[in-house]
Protein chains: 2
Amino acid sequence: MADSANMHSSPNPNVSTDCVVFGFDDEKLKVLLIEQKNTGGISPQLALPGDLVLENENLYQSATRILKELTNLEGIYLKQFKTFGNPNRVRDVKDQDWLRTFREDPQARVITVAYYSLVKMEDFAPQAASLAGKVVWQNVDEVPQLAFDHNQIFNEALERLREEFEYKNVGYELLPKKFTLSMLQKLHEIILGVELDKRNFRKKIKKSDVLIPLDEKQSGVDHKPAQLFRYKTASKSSSI
Amino acid sequence: MADSANMHSSPNPNVSTDCVVFGFDDEKLKVLLIEQKNTGGISPQLALPGDLVLENENLYQSATRILKELTNLEGIYLKQFKTFGNPNRVRDVKDQDWLRTFREDPQARVITVAYYSLVKMEDFAPQAASLAGKVVWQNVDEVPQLAFDHNQIFNEALERLREEFEYKNVGYELLPKKFTLSMLQKLHEIILGVELDKRNFRKKIKKSDVLIPLDEKQSGVDHKPAQLFRYKTASKSSSI
DNA sequence: AATCTTAGTGTATTTTTTACACTTAGTTCG
DNA sequence: CGAACTAAGTGTAAAAAATACACTAAGATT
């Protein structure tokens, strides 16, 4: 089947993973993007962090490795949400291979498995590395045109993130280990774009029974420190 | 990076799609499986219908094409739900290549994009074709050991199907065009494994406002014919 | 005309969700 | 060291949603 173009090329597609990392501070929901290293004067294209899957890693390992390599972020729970595989989603784009360390087969299409995540921005300080010249936190409502079909991937990730917060009523493994109820509430407000009542929110969370109170309080704040919580680890095997 | 094994093999993975087609009659929820053509006497292995993605089709096209080729089912809405890519999920298995028309690179791993669907069994009559020797509707609570990691894929599909019915309260594009409220209720009961109250069910559906009553009634029944409905087509572009 | 089968409908009770305001613990500043 | 500041933490009443429950209606079959 199909002996196309160059000699040693197989028809097998390249497979990559892309990460849509959402970050929140006390104001806005943002998304982590990377920027090309040496832009020759012209406006640099932004993209989601992503790269090809290696031969001996599973998809989740690939996503975490690549995120670490490009942005130095580690210890983040990533959730697979969709695989994008239009035949021309990457192949057509000529001069944007800076986003991939190495196209195994430059003739072949690229199918990408997309993951998303959510982090508190102040707990993580991404640093550009490898092929990324720069990393930026971009407001989700001000995302410019991205490389490839990354706008589509981003949009679907945002949609899924919001669904996750509406149906299940908490963002499960998507948060740092320890957090306060106010942080959690703020998060819901930012993501869903609504204001919530403090007492009702706490009632609901309590009843849903997904949090465990820790023997520990917030520190380093100039007011009454809040109780810290963590999620009950249902610990879904996230290794595929 | 990795110049492994045989000469013309690239490290690019094979990519396939697998379909978990759920069927319901008035009793049970079933899943469509295929069986090897010429089993040499020994017990034949069952598997989900699936095969490699071709060079110039997108993933959704691939899934529908393969489903048609193997089981002759057509016009079914398929929903992508997860991609499975453990490095050894298929490579290790020796004698089961009957499930793939042609392994582009027999050395390389196989990453599979999984879809699920739901059909009313009487509206569709699957027929084995191509490499499938036989197709069977298997009760979801009596699924035997399947090829590869297909049990895992099946289990996750079932989980997702049930979630879909709990959170959104209807199975959107997953059903045939026209149906009665009793059919829809029966479906919910079968999928969720519970009994529902007729009046309350109708109240809820009515309020959720996802159905449109048609100018048409059921025919061919020996009792009062029921009103037919269809879904409001939000018509999500399902082409990727 | 009588019988059979599933369609189709309303109300009272319980549970869940919402709206709403004050006290408490710790920090900072004078 | 006390006063003032800041966010944490808590309960109750009203509204809305979910549940439990049983009969009449329409068409087909005898």
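Each chain gets a letter, A, B and so on, in the order its sequence line appears, and its residues count up from 1.
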Give every pair of a protein N or O atom and an N or O atom of nucleotides 4-8 of chain D that lie under 3.5 Å apart, one pair per line with the distance.
from  : atom 1 : to     : atom 2 : distance (Å)
D/dA8 : OP1    : A/S182 : OG     : 2.8
D/dA8 : OP2    : A/S182 : OG     : 3.0
D/dA8 : N7     : A/K198 : NZ     : 3.2

Rounding to an integer number of Å, can you tell me how far [X] [atom1] sits from [N] [atom2]?
X: B/I205; N: C/dA7; atom1: CD1; atom2: P; answer: 15 Å
X: A/Q185; N: D/dG9; atom1: CD; atom2: P; answer: 12 Å
X: B/L196; N: D/dA18; atom1: CG; atom2: C1'; answer: 12 Å
X: A/E195; N: C/dA19; atom1: CD; atom2: C1'; answer: 14 Å
X: A/K203; N: D/dT10; atom1: NZ; atom2: P; answer: 12 Å
X: B/N200; N: C/dT9; atom1: CG; atom2: P; answer: 14 Å
X: A/F201; N: C/dA19; atom1: CZ; atom2: C1'; answer: 17 Å
X: B/L184; N: C/dG8; atom1: CG; atom2: P; answer: 13 Å

Taking 4.0 angstrom as the limit, do B/K232 and B/D209 come out as a salt bridge?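 Salt bridge flag = yes for B/D209 with B/K232.
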B/K207 near the nucleic acid: base, sugar-phosphate alone, or nothing, with a heavy-atom cut-off under 4.0 Å?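 The answer is sugar-phosphate, as B/K207 gets under 4.0 Å only of primed atoms, P, OP1 or OP2.
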Taking the six-membered ring for Trp, are [X] and [Y] parallel (under 30°), tilted (30 to 60°) or perpendicular (over 60°)?
X: B/F179; Y: B/Y231; answer: tilted
X: B/Y60; Y: B/Y77; answer: tilted
X: A/F154; Y: A/F22; answer: tilted

Do B/R199 and D/dA22 have a side chain to base donor-acceptor pair shorter than 3.5 Å?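 By the distance-only test, yes, there is a pair.
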Please confirm whether any donor atom in the side chain of A/K217 sits under 3.5 Å from an acceptor in the base of C/dT27, or the reverse.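 Flag unset: no donor-acceptor pair detected.
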Can you name the closest pair of heavy atoms from A/R89 and A/F148 and give their distance?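 Smallest interatomic distance, heavy atoms only, reads O-CB, 4.0 Å.
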Need to verify one output field. Residue with the more 5' nearest nucleotide on DNA chain C, A/V221 or A/D197?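 Taking each residue's closest nucleotide, the earlier one in sequence belongs to A/D197.
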Divergence of helical axes at both termini of the helix from C/dA1-D/dT30 to C/dG30-D/dC1 - five pairs an end, 10° steps: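 Overall, the helix from C/dA1-D/dT30 to C/dG30-D/dC1 bends by 10° from one end axis to the other.
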Could you check whether any side-chain N or O of [X] sits under 3.5 Å from a backbone N or O of [Y], counting only pairs where one atom can act as donor and the other as acceptor?
X: A/Q61; Y: A/R65; answer: no
X: A/D197; Y: A/R199; answer: yes
X: A/T112; Y: A/S16; answer: yes

Closest to side chain of B/K206, choosing from C/dC20, C/dT9, D/dA20: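 Output: C/dT9.
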Only one of B/N151, B/V143, B/V136 forms a side chain to side chain contact (heavy atoms under 4.5 Å, CB included) with B/L46, so which one is it?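 With B/L46 as partner, B/N151, B/V143, B/V136 yield a single side chain to side chain contact (heavy atoms under 4.5 Å, CB included), made by B/V136.
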